[in-house]
Amino acid sequence: MSSKIVAANFKTNHTRRSTAEYVASLDRFMAENGIGTPVYIFPPATALENFETESGIRIGAQNAYPTVKGSFTGEIGLQQLGEFGIDTVLIGHSERRHILGESQEFIAKKFAWFKEQGFTIFYCIGEPLEVREAGEEAVRRYLVEQCEGIDTSYENLIMAYEPVWAIGTGKTATPELIEKTHSIVKAFSERPLLYGGSVKPSNIAEILAVPGCDGALIGTASWDISSMQSMLEIVNSE
Ligand code: 13P
């Protein structure tokens with residue numbers, strides 16, 4: 001049985017109803033096919049729920065504010081997550097860094113706070129194209145800076161390397177590039193390290209076969225249940 005971690009980031013896709021249908025149907029599929037690999041789903045905040053699953057699918061929040069409750073318009077805190085038994089959160093995603101403008105300082109504060117709560121944290125790092133084009137040392141420095149203030153040895157941490165130029169573009173990093181970059185990250189964090197960026201049924205096998213790749217964080221190709229099922233079948237057969 002594969003122990004690779006497979007995580008689905010729904011981003012701003014799926015509703016409360018379609019998420020419930022997705023989780024129920026994925027749960028049935030995993031139970032029927034004996035898929036025991038750890039699976040995490042990150043639905044939008046409106047679809048969070050304490051799902052009872054046979055296969056142990058875990059549900060996480062794509063984002064949360066470092067507070068129990070309070071006056072942070074538009075945000076959700078520990079009390080809202082607790083209602084649904086959520087103890088997993090995604091922090092540092094490039095869309096929150098670059099589109100929502102989250103600073104490293106704020107990200108580090110969020111990380112420290114959810115670590116204090118004992119949350120499982122999926123922590124994302126990844127360089128934009130111009131940094132990749134500036135060469136490997138520039139990439140290394142960029143990734144190290146994205147871990148400033150982060151306890152990269154936190155026991156409930158799962159790291160994710162997601163090059164910005166490969167996210168939602170259909171352009172996947174080559175296995176060689178993933179291996180090289182993962183070795184850079186592994187030099188400062190020994191926690192499990194996922195790859196993310198245009199992972200799909202046609203490339204998941206070769207990506208998960210890369211030495212030092214402990215799983216995949218999948219956006220687009222996870223939104224369609226049959227595509228997610230295909231990927232899980234592939235992971236399970238490796
Ligand atoms: P895509 O799989 O759509 O490239 O997205 C990756 C991602 O951002 C997962 O967090």
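We count ligands from 1, going down the list as the structure has it; atoms in each ligand are counted the same way. Computed from heavy atoms alone, side chains included, the values below leave out hydrogens, waters and symmetry copies.
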Considering Gln62, Lys171, His93 one by one, which has a heavy atom nearer to atom 10 (O) of ligand 1 than any of the others? His93

What atoms of ligand 1 come within less than 4.0 Å of a heavy atom belonging to Ala166? 4 (O)

Val89 versus Lys110: any side-chain heavy-atom pair under 4.5 Å? no

So, does Gly168 sit close enough to ligand 1 that a heavy atom of it is under 4.0 Å from the ligand? yes

Partner of Phe111 under ring pair (Phe, Tyr, Trp, His ring centres under 6.0 Å), picked from Tyr123, Phe119, Phe106, is Tyr123

If the cut-off is 4.0 Å to any non-hydrogen atom of Lys11, which atoms of ligand 1 fall inside it? 5 (O), 6 (C), 7 (C), 8 (O)

Atoms of ligand 1 under 4.0 Å from any heavy atom of Leu217, numbered from 1 in the order shown, are 9 (C), 10 (O)

Run the contact test for Ser198 against ligand 1 with a 4.0 Å cut-off on heavy atoms, strictly below, and give the result. yes

Is it true that a side-chain atom of Asn33 and a backbone atom of Phe29 form a donor plus acceptor pair closer than 3.5 Å? yes

Check each atom of ligand 1 against the heavy atoms of Glu162 and keep those under 4.0 Å away; list them by number with element. 6 (C), 7 (C), 8 (O), 9 (C), 10 (O)

What part of Asn9, side chain, backbone, both or neither, has a heavy atom within less than 4.0 angstrom of ligand 1? side chain

Just to check, does Lys200 reach to within less than 4.0 Å of ligand 1 when the distance is taken from its heavy atoms? no

